[in-house]
Amino acid sequence: MFTGIIESLGKVQEIKKDKDNVHITIESLITDELKIDQSVAHNGICMTIVSINKNLYTVTAIAETIKKTNLSQLKVGDSVNLERAMRLGDRLDGHIVQGHVDQVATCIVANETNGSWFYTFEYDDAIGNITIEKGSITVNGVSLTVVDSRKNQFSVAIIPYTYEHTNFNSFENGTKVNLEFDLIGKYISKLYSNK
């Protein structure tokens with residue numbers, strides 16, 4: 001379980017294909033605090049650390065993960081939002097995040113608005129996922145509040161701190177992002193689809 005509060009940015013150093021798997025090596029300021037077999041969210045994707053070498057560590061993504069996330073868009077040099085799993089007894093500063101990406105969305109608006117930033121994302125609503133006005137959404141692992149919920153779109157506003165300390169500062173029109181919809185929204189969606 002995660003909270004959607006990003007701890008650090010990592011930088012992709014190597015991407016290595018191995019049959020249907022992809023091994024991703026990341027440089028991070030928190031590497032010395034990590035251990036093999038630990039779960040870390042990478043742009044909201046829960047992945048297991050398989051090796052550590054000085055300030056670098058490697059995670060492996062299987063075909064299913066690659067198919068359902070934006071990992072196929074990742075390039076050497078890209079920044080990745082990182083969050084370690086929450087500890088029992090810690091404050092839940094964001095919202096409950098599983099690290100299981102529901103689908104990919106496309107950024108269609110990325111604007112600075114007098115000191116903060118405003119983003120709109122479009123997603124395929126045929127899958128049945130929904131956002132709720134003032135509800136929670138996870139975008140690339142970041143816990144955010146929906147400010148404009150529509151049928152297949154939603155918007156979020158980003159404060160300067162979030163902009164500077166996550167990979168939101170690299171988003172532009174066309175950027176693909178990982179979405180994890182709020183558990184409560186998923187429940188409501190299923191409830192109403194069964195009527």
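Fair warning: this is a prediction, and the values are worked out from it, not measured in the lab.
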Side-chain contact, heavy-atom cut-off 4.5 Å: [X] with [Y]?
X	Y	value
Gln13	Val76	no
Ile49	Lys35	no
Phe154	Leu179	yes
Ile96	Met1	yes
Leu71	Ile24	yes
Ile66	Asp20	no
Thr138	His95	yes

Supply the atom-to-atom distance [X] [atom1] to [Y] [atom2], rounded to the nearest 0.5 angstrom.
X	Y	atom1	atom2	answer
Asp125	Gln153	CG	CD	10.0 Å
Lys176	Ser72	NZ	OG	9.5 Å
Thr175	Phe121	OG1	CZ	8.5 Å
Asn167	Ser79	CG	OG	6.5 Å
Thr145	Ile137	OG1	CD1	10.5 Å

Measure from the ring center of Phe2 to the ring center of His42 and say whether it is less than 6.0 Å.
no

Could you check whether Tyr123 and Phe181 have their ring centres less than 6.0 Å apart?
yes

If you count the non-hydrogen atoms of other residues, nucleotides and ligands that lie under 6.0 Å from [atom1] in [X], is the total more than 12?
X	atom1	answer
Asp37	CG	no
Ile52	CD1	yes
Ile36	CD1	yes

Following the transitive rule for hydrophobic clusters with a side-chain heavy-atom cut-off under 4.5 Å over Ile, Leu, Val, Met, Phe, Trp and Tyr, establish whether [X] and [Y] coincide in one cluster.
X	Y	result
Val12	Tyr57	yes
Val139	Val146	yes
Val156	Phe171	yes
Leu82	Ile5	no

Just to verify, what does [X] make a side-chain contact (heavy atoms from CB on, under 4.5 Å) with, not counting sequence neighbours?
X	value
Thr58	His23, Thr25, Val50, Ser51
Arg84	Glu7, Ile30, Glu33, Leu34, Gln38, Val40
Asn21	Thr60, Ile62

List, by chain and then residue number, the residues other than Tyr161 in its hydrophobic cluster (Ile/Leu/Val/Met/Phe/Trp/Tyr, side-chain heavy atoms under 4.5 Å); write none if there are no others.
Ile159

Heavy-atom closest contact ([X] atom, [Y] atom, distance):
X	Y	answer
Ser39	Cys46	CB-SG, 3.7 Å
Val59	Met47	CG2-CE, 3.7 Å
Gly77	Lys11	O-CE, 3.7 Å
Gly99	Glu180	N-OE1, 2.8 Å
Gly44	Val101	O-CG2, 3.8 Å
Gly174	Thr106	CA-CG2, 3.7 Å

Testing the 3.5 Å rule here: is there a donor-acceptor pair between the side chains of Asn43 and Asn178?
no

For the side chain of [X] and the backbone of [Y], is there at least one donor-acceptor N/O pair under 3.5 Å apart?
X	Y	answer
Asn140	Val177	no
Thr31	Asn55	yes
Asn111	Phe118	no
Glu133	Ser149	yes

Any salt bridge (Lys or Arg N to Asp or Glu O under 4.0 Å) pairs touching residues 38-59, not counting sequence neighbours?
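Salt bridge (Lys or Arg N to Asp or Glu O under 4.0 Å) check on residues 38-59 returns no pairs.
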
Should Arg150 and Asp148 count as an ion pair when the cut-off is N to O under 4.0 Å?
yes

How far apart are the C-alpha atoms of Val142 and Thr162, what are their side-chain angles, what is the distance that settles it, and do they pass the side-chain contact (heavy atoms from CB on, under 4.5 Å) test?
CA-CA 9 Å; Val142 181; Thr162 304; 4.1 Å; yes

What pairs with Lys75 under salt bridge (charged side-chain N to carboxylate O under 4.0 Å, His left out), at least two apart in sequence or on another chain?
Asp78

Using the rule side-chain contact (heavy atoms from CB on, under 4.5 Å), only one of Thr166, Leu9, Leu74 pairs with Val80; which is it?
Leu74

Identified side-chain hydrogen bond (donor to acceptor under 3.5 Å, both in side chains) partner of Gln103 from the options Asn129, Thr69, Asp124:
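Result for side-chain hydrogen bond (donor to acceptor under 3.5 Å, both in side chains) with Gln103: Asn129.
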
Using the ring-ring contact (aromatic ring centres under 6.0 Å, His included) rule, pick out the option among Tyr119, Tyr163, Trp117 that qualifies with Phe168.
Tyr119

